[in-house]
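Please read the structure below before turning to the comments.
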Amino acid sequence: MAADPAAAAPVATGPGRIVLAATPIGNTGDASARLIELLGTADIVAAEDTRRLHRLVQSLGVTVAGRVISYHEHNEATKTAELLEHVRSGKTLVMVTDAGMPSVSDPGFRLVEGAVAAGLTVTAVPGPSAVLTALALSGLPTDRFCFEGFLPRKAGERASRLADLSAERRTMVFFEAPHRLESMLRALRERFGAERRIAVCRELTKTYEEVIRGTVGELLLWAEGNEVRGEIAVVLGGAPEQAPGTPEDHVAAVNELVAQGIRLKEAVAAVAEDVRVSKRELYSAVLAAR
């Protein structure tokens with residue numbers, strides 16, 4: 001019998017906990033009451049940027065009573081063990097990033113990973129999310145989506161990542177820097193075509209919030225003719241479903257599986273399900289082609 005992972009995990013020995021706290025992505029009025037309370041009562045506040053934390057608490061009228069520790073991508077490897085030791089000793093540690101939910105394209109994952117391995121309590125104060133806000137405003141399908149973060153900066157690596165996504169049917173959400181948006185859109189046009197639906201969401205929840213919707217080609221022209229500024233989220237429609245075609249179109253796929261040692265009926269069933277054609281008609285087409 002396989003071991004129960006939960007039973008094998010170390011058990012927390014104190015009442016300490018880690019709270020991942022979402023911060024406003026633009027409008028400070030979106031700060032939750034729980035966030036405000038925790039910032040004023042936590043023993044430790046781990047912040048991606050302590051200067052931004054200072055500006056946030058000033059705007060919220062909160063006094064941070066606990067110790068503030070800088071925790072970001074450049075010191076995660078060395079600071080994580082220290083933070084976990086504080087939690088193990090019984091302290092409440094609140095993790096905040098510059099905007100949105102920690103660990104989502106931001107520092108925090110290493111901390112959660114370490115806490116889970118140590119059997120320490122991790123919870124969250126949910127709140128603003130640039131990913132979900134952009135998705136909701138995009139006008140593109142929201143029932144299935146994936147978050148891809150920032151694309152690689154180098155053209156070759158970016159092209160390779162986009163090639164991996166060429167058949168992705170879910171709506172895709174990306175982040176991008178304003179000065180790289182034009183080159184990103186050009187890469188999207190090259191891989192997905194000029195007619196794929198897209199939305200560029202700029203400065204979400206801020207005074208100059210803007211959502212531009214259209215095709216990749218249209219938004220590339222817009223980016224080429226405008227100086228784009230601010231925080232950017234890009235939402236790209238998924239690949240359209242392909243027409244199933246005729247049974248005869250898929251005979252080769254069946255024969256390829258048979259050549260690999262799969263029984264004919266099983267190969268027909270697998271291909272028919274994948275391409276959405278009748279098993280009976282596909283089976284007949286395979287026999288007719290022999």
Glu37/Arg34 ion pair, N-O < 4.0 Å: no
Lys91 side chain near Arg67 side chain, heavy-atom distance below 4.5 Å: no
CA sep, side-chain torsions, deciding dist, call: Phe147, Leu135, side-chain contact (heavy atoms from CB on, under 4.5 Å): CA-CA 10 Å; Phe147 173 56; Leu135 178 69; over 6 Å; no
Residue among Ile69, Leu111, Val122 satisfying side chain to side chain contact (heavy atoms under 4.5 Å, CB included) with Leu93: Leu111
Path from Val251 to Val277 over hydrophobic side-chain contacts below 4.5 Å: yes
Leu137 reachable from Phe174 in the ILVMFWY side-chain graph, under 4.5 Å edges: no
Basic-acidic side-chain contact under 4.0 Å: Lys79, Glu82: yes
Residues Tyr71, Ile44; criterion side-chain contact (heavy atoms from CB on, under 4.5 Å); working and verdict: CA-CA 11 Å; Tyr71 185 72; Ile44 299 171; over 6 Å; no
Salt bridge (Lys or Arg N to Asp or Glu O under 4.0 Å) contacts in which one or both residues fall within residues 170-194, not counting sequence neighbours: Glu168-Arg170, Glu176-Arg180, Glu182-Arg186, Arg186-Glu224
Flag side-chain contact, heavy atom, 4.5 Å: Val268 against Leu257: no
Over all atoms of both residues, closest heavy-atom pair of Leu132 and Ser129: N-OG, 3.2 Å
His86 vs Asp43 side-chain heavy atoms within contact, under 4.5 Å: no
Note, Leu188 side chain near Arg196 side chain (heavy atom, < 4.5 Å): no
Test item: Val125 and Val94 side chains (from C-beta on) under 4.5 Å apart, heavy atoms: no
Hphob cluster co-occupancy, Leu162 + Ile198, side-chain heavy atoms under 4.5 angstrom: yes
Over all atoms of both residues, closest heavy-atom pair of Pro102 and Ala21: CD-O, 3.5 Å
Worked check of side-chain contact (heavy atoms from CB on, under 4.5 Å) between Val235 and Met172: CA-CA 6 Å; Val235 187; Met172 294 162 272; over 6 Å; no
Joint hydrophobic cluster, Leu181 plus Val173, side-chain heavy atoms closer than 4.5 Å: no
Exercise: identify the closest heavy-atom pair between Leu140 and Arg197: CD2-CB, 3.6 Å
Residue pair Thr142 / Thr171, side-chain heavy-atom distance below 4.5 Å: no
Considering all heavy atoms, the nearest Ser59-Thr28 contact: OG-CG2, 3.6 Å
Contacts of type side chain to side chain contact (heavy atoms under 4.5 Å, CB included), residue Ala233, not counting sequence neighbours: Ala134, Phe175, Cys201
Heavy-atom check, side chain of Arg158 versus side chain of Arg161, under 4.5 Å: no
Sub-4.5 Å side-chain heavy-atom contact between Arg290 and Asn255: yes
Smallest separation among heavy atoms of Ala22 and Pro126, with atom names: CB-C, 3.9 Å
